[in-house]
Amino acid sequence: SALLDQTYWELLARLGAVPCGLGVIWLAVRLARRRFSEYLALCWPTRDEIILALLVMFIVDYSIGSLWSSLGMKTDAGVIADFHRLQRNGPLLLFLFMVWGCIGAPLVEEFAVRGFMMRGWSESFLGPAGAIVLSSAFWALCHTQYDWPGVFDIFLVGLMLGFFRHRSGSTWLTVIMHSAGNVNIFFLLMATN
């Protein structure tokens with residue numbers, strides 16, 4: 001069907017955007033005459049940093065979700081609609097959705113936002129705190145599939161990711177956190193829909 005073809009190509013385009021996005025970031029860093037791994041803080045976090053960050057992330061995610069639920073609000077209607085559409089169209093599309101959402105998006109978004117943008121803004125008059133807030137706002141506003149409460153959720157998660165990026169000095173930590181959060185959402189969708 002036309003919908004299946006459109007969805008399939010849309011997901012493949014998103015997956016294809018991963019190397020393109022990383023290439024643009026690499027080029028910008030190289031033009032600044034900096035080493036890619038140094039500028040993006042691509043150092044591996046400690047086991048304790050990973051455990052603490054994941055624990056805090058899941059507590060924050062579930063607290064925010066519980067708050068919206070107690071207010072009778074759903075913040076992920078766009079994601080749920082996409083998930084249902086892909087679920088109806090077959091396992092390949094669902095698999096591509098998971099690969100993009102759980103690997104591709106966290107990698108590109110964290111390298112771009114917490115690695116590249118936050119690093120540059122931290123070295124400006126904004127300082128680390130301003131860079132965390134501005135990069136979180138930018139990241140949240142890019143999530144157009146959500147309503148305003150959902151965008152606010154993304155902003156809060158962005159603040160947490162920015163804090164852990166600054167605290168640990170590792171963008172890999174935020175990639176792990178982002179990916180784990182998306183995997184968690186994916187499995188919650190599978191269990192409840």
Side-chain angles (χ1 to χ4, degrees), residues 14-15 17-19 21-23 25-26 28-30 32 34-67 75-76 79 94-123 126-140 142-143 150 152-192:
R14 286 182 182 183
L15 286 171
V18 171
L22 295 176
I25 295 167
W26 178 84
V29 170
R30 295 302 300 154
R34 303 286 292 269
R35 285 185 328 118
F36 188 74
S37 61
E38 176 270 326
Y39 191 85
L40 295 183
L42 298 180
C43 55
W44 200 250
T46 67
R47 181 183 52 113
D48 290 344
E49 287 171 328
I50 293 170
I51 292 169
L52 176 64
L54 291 176
L55 181 64
V56 169
M57 185 196 64
F58 286 122
I59 290 170
V60 168
D61 276 352
Y62 282 107
S63 297
I64 292 170
S66 296
L67 172 66
T75 62
D76 50 7
V79 173
L94 207 52
F95 174 75
L96 290 174
F97 177 73
M98 185 175 175
V99 168
W100 165 251
C102 300
I103 298 170
L107 192 65
V108 172
E109 291 175 18
E110 293 308 316
F111 276 29
V113 177
R114 251 72 56 188
F116 185 74
M117 289 178 191
M118 194 176 127
R119 171 67 181 262
W121 288 336
S122 289
E123 295 174 0
L126 293 171
I132 290 169
V133 172
L134 186 58
S135 63
S136 298
F138 172 81
W139 184 59
C142 288
H143 285 78
F152 184 68
D153 278 1
I154 298 295
F155 174 71
L156 293 177
V157 170
L159 292 175
M160 178 185 54
L161 291 169
F163 169 79
F164 277 101
R165 161 60 182 84
H166 177 68
R167 180 180 183 272
S168 69
S170 172
T171 302
W172 281 122
L173 181 60
T174 64
V175 171
I176 292 167
M177 293 171 70
H178 189 156
S179 184
N182 285 5
V183 168
N184 183 48
I185 290 167
F186 182 80
F187 283 114
L188 286 173
L189 288 171
M190 291 287 282
T192 59

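Each residue takes its place number in the sequence, starting with 1. It should be emphasised that the depicted structure is a prediction, and the values quoted were computed from it without experimental measurement.
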Undergrad: Taking the side chain as every heavy atom from C-beta outward, state whether W172 and I50 have any pair of such atoms under 4.5 Å apart.
TA: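 W172 vs I50: side chains apart.
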Undergrad: Would you check if V56 and F164 make a side-chain contact, meaning some heavy-atom pair closer than 4.5 Å?
TA: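 Yes, side chains in contact.
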Undergrad: Does any part of the side chain of M160, heavy atoms only, come nearer than 4.5 Å to the side chain of L156, both counted from C-beta?
TA: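 No, side chains not in contact.
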Undergrad: Under the rule for side-chain contact (heavy atoms from CB on, under 4.5 Å), what residues qualify as partners of D61, not counting sequence neighbours?
TA: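 If we apply the side-chain contact (heavy atoms from CB on, under 4.5 Å) test to D61, skipping adjacent residues, the hits are M57, V157.
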Undergrad: How far does CD1 of I132 sit from CG of L126, to the nearest 0.5 angstrom?
TA: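 The CD1 atom of I132 sits 11.0 Å away from the CG atom of L126.
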Undergrad: What distance do M177 atom CE and L55 atom CG have between them, rounded to the nearest 0.5 Å?
TA: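 M177 CE to L55 CG: 10.0 Å, rounded to 0.5 Å.
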Undergrad: What is the distance from atom CD of E49 to atom CG of L173, rounded to the nearest 0.5 Å?
TA: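 Nearest 0.5 Å value for the CD-CG distance: 6.5 Å.
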Undergrad: Enter the distance from F36:CZ to F111:CZ here, rounded to the nearest 0.5 Å.
TA: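 It comes to 5.5 Å.
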Undergrad: Is it true that atom CZ of F152 has more than 12 heavy atoms of other residues, nucleotides or ligands lying nearer than 6.0 Å?
TA: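 For F152, atom CZ is not crowded (no more than 12 foreign heavy atoms under 6.0 Å).
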Undergrad: Can you list the residues that meet the side chain to side chain donor-acceptor pair (under 3.5 Å) rule with E123, with sequence neighbours excluded?
TA: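 Only R119 meet the side chain to side chain donor-acceptor pair (under 3.5 Å) criterion with E123.
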Undergrad: Can you name the side chain to side chain donor-acceptor pair (under 3.5 Å) partners of T171, sequence neighbours left out?
TA: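 Testing T171 for side chain to side chain donor-acceptor pair (under 3.5 Å), a comparison that skips the adjacent residues, returns R165.
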Undergrad: In the structure I gave you, are the side-chain heavy atoms of V113 and M118 within less than 4.5 Å of one another anywhere?
TA: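 No. Closest side-chain heavy atoms not under 4.5 Å.
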Undergrad: Distance check, rounded to the nearest 0.5 Å: I59 atom CD1 versus I64 atom CD1?
TA: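 The CD1 atom of I64 is 12.0 Å from CD1 of I59, to the nearest 0.5 Å.
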Undergrad: Can you confirm whether F138 is buried at CZ, in the sense that more than 12 heavy atoms of other residues, nucleotides or ligands lie under 6.0 Å from that atom?
TA: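 Atom CZ in F138 is not crowded, with 12 or fewer foreign heavy atoms closer than 6.0 Å.
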Undergrad: State which residues pass side-chain contact (heavy atoms from CB on, under 4.5 Å) with R35; sequence neighbours excluded, sorted by chain then number.
TA: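 R35: side-chain contact (heavy atoms from CB on, under 4.5 Å) contacts with S37, E38.
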Undergrad: With sequence neighbours excluded, what pairs up with P106 under the side-chain contact (heavy atoms from CB on, under 4.5 Å) test?
TA: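 Only H178, S179, N182 meet the side-chain contact (heavy atoms from CB on, under 4.5 Å) criterion with P106.
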Undergrad: Not counting sequence neighbours, which residues clear salt bridge (Lys or Arg N to Asp or Glu O under 4.0 Å) with R114? List them please.
TA: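 Once residues adjacent in sequence are excluded, the partners of R114 under the salt bridge (Lys or Arg N to Asp or Glu O under 4.0 Å) criterion are E110.
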Undergrad: Between N184 and Y62, is the side chain to side chain contact (heavy atoms under 4.5 Å, CB included) condition met? List the steps.
TA: CA-CA 11 Å; N184 183 48; Y62 282 107; 3.1 Å; yes
Undergrad: Flag the pair F116 / W121 as yes when their ring centroid distance falls below 6.0 Å, and as no otherwise.
TA: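 Centroid distance F116-W121: not below 6.0 Å, so no.
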